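These values consider heavy atoms only, across backbone and side chains, with no hydrogens, waters or symmetry-generated copies. This one's a predicted model, so the numbers in the text were calculated from it and none came from an experiment.
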Amino acid sequence: MVWIFGILDKIGKAMCGIVGILSNQNQAELMLSIKKMKRAIAHRGPDDDGEFVQNGIALGHQRLSIIDTSHGGHQPMFSRDEQIVVVFNGEIYNHREIRALTKDKYEYQTGSDCEVILALYQEKKEKFLDDLNGIFAFCLYDEKEDAYLIGRDHIGIIPLYMGWDVNGTFFVASELKALEGICSKIELFPPGHYFHSKDDAPTKWYQPEWTAFDDVKNNPTSIEDLHDAL
């Protein structure tokens with residue numbers, strides 16, 4: 001199983017990287033730990049980096065600038081009222097469409113595709129992932145609710161791992177090396193799932209209709225159309 005993790009780890013090497021500690025360590029310990037984890041994935045994002053440490057939560061980010069290459073894409077990224085913060089890796093293809101639908105409800109501060117996650121979460125909490133068309137892994141903290149939300153794209157194109165140390169502290173990271181030597185147990189964060197801090201385990205959000213045979217068994221098919229499409 002470890003060799004599978006290693007192969008998946010190589011996919012998306014050119015993307016950004018995220019790390020997170022969801023625990024009750026003191027502020028000083030959290031800052032030292034998140035910086036150590038960030039150093040382990042520094043090669044993923046040479047353009048910028050940042051961290052958030054507050055209320056027993058630590059989030060870190062290494063950035064490779066792709067969209068909004070100015071300072072507007074800096075992460076961790078905050079909502080206008082600074083009550084919601086997110087670190088993100090990937091790309092949201094339909095972010096312009098989402099902006100158009102949410103601009104009257106959310107005050108955008110950047111041109112980054114990542115910010116639509118803050119807008120959607122503000123409106124729908126954890127029920128927004130089906131609105132995203134893209135590849136992604138993110139970790140979000142809601143200070144008002146004192147809750148975190150972790151999500152991964154539908155088939156796991158963007159890598160994400162989770163782990164626990166001997167004290168039960170929960171960690172997430174874009175690469176295994178950020179968790180090695182810290183966690184006594186490491187698992188692949190399941191594709192197409194989210195994990196809310198109120199829950200005991202990740203919840204599957206990606207459930208397209210075509211996965212159920214009864215929903216598609218009467219759909220018309222055409223060999224000619226399939227031939228032309230290919």
Test of understanding: with ring pair (Phe, Tyr, Trp, His ring centres under 6.0 Å), list the residues that count as partners of Phe88, not counting sequence neighbours.
none

Checking side-chain contact (heavy atoms from CB on, under 4.5 Å) between Gln75 and each of Leu59, Val85, Val87, Asn89, which is the one that passes?
Val87

Ring pair (Phe, Tyr, Trp, His ring centres under 6.0 Å) contacts in which one or both residues fall within residues 98-125, not counting sequence neighbours
Tyr106-Tyr108

Using the test side-chain contact (heavy atoms from CB on, under 4.5 Å), find all partners of Asn219 that sit at least two apart in sequence or belong to another chain.
Val216

How long is the straight-line distance from CG of Leu140 back to CG of Leu149, given to the nearest 0.5 Å?
6.0 Å

Name all residues meeting the side-chain contact (heavy atoms from CB on, under 4.5 Å) criterion together with Glu97; count only those two or more places apart in sequence or in a different chain, and write none if there are none.
Asn94

For Pro191, give me all partners under side-chain contact (heavy atoms from CB on, under 4.5 Å), at least two apart in sequence or on another chain.
Arg152

Return each pair, listed once, that meets salt bridge (charged side-chain N to carboxylate O under 4.0 Å, His left out) where at least one residue sits in residues 161-173; pairs must be two or more places apart or across chains.
none

Identify, with sequence neighbours excluded, every residue that meets side-chain contact (heavy atoms from CB on, under 4.5 Å) alongside Asp228.
none

Indicate whether the side chain of Thr169 and that of Asn167 have a donor and an acceptor atom separated by less than 3.5 Å.
no

Same apolar cluster (I L V M F W Y, side chains within < 4.5 Å links), Tyr194/Met162
no

Considering residues at least two apart in sequence or located in another chain, which fulfil the side-chain hydrogen bond (donor to acceptor under 3.5 Å, both in side chains) criterion with Glu224?
Ser222

Restricting to pairs with a member in residues 24-37, which pass salt bridge (charged side-chain N to carboxylate O under 4.0 Å, His left out), not counting sequence neighbours?
Lys35-Glu51

Set of residues satisfying side-chain hydrogen bond (donor to acceptor under 3.5 Å, both in side chains) with respect to Ser33, sequence neighbours excluded:
none

By the salt bridge (charged side-chain N to carboxylate O under 4.0 Å, His left out) test, which pairs, at least two apart or in different chains, include something from residues 188-203?
Glu126-Lys198

Using the test side-chain hydrogen bond (donor to acceptor under 3.5 Å, both in side chains), find all partners of Arg80 that sit at least two apart in sequence or belong to another chain.
Glu107

Distance, nearest 0.5 Å, that separates CD of Gln207 from CG of Asp130
8.5 Å

May I ask you to check whether Glu145 and His196 show a side-chain donor-acceptor distance below 3.5 Å?
no

Neighbour count above 12 (heavy atom, 6.0 Å) for Lys103 NZ:
no

Between Asp49 and Gln62 (side chain of the first, backbone of the second, donor and acceptor by atom type, cut-off under 3.5 Å), is there such a pair?
no

Note: Pro202 and Phe195 closest approach over all heavy atoms is N-CD1, 3.9 Å

Val86 and side-chain contact (heavy atoms from CB on, under 4.5 Å): which single residue from Ile18, Ile117, Asp142 fits?
Ile117

Taking side chain as C-beta onward, heavy atoms only, is Trp205 less than 4.5 Å from His154?
yes

Nearest heavy-atom pair of Gly90 and Asp113: which atoms, and what distance?
O-OD2, 4.1 Å

Tell me the closest heavy-atom pair linking Gly151 and Leu160, and the distance in Å.
O-CD2, 4.2 Å

Within a strict 4.5 Å, meaning less than it, do heavy atoms of the Tyr141 and Ile84 side chains meet?
no

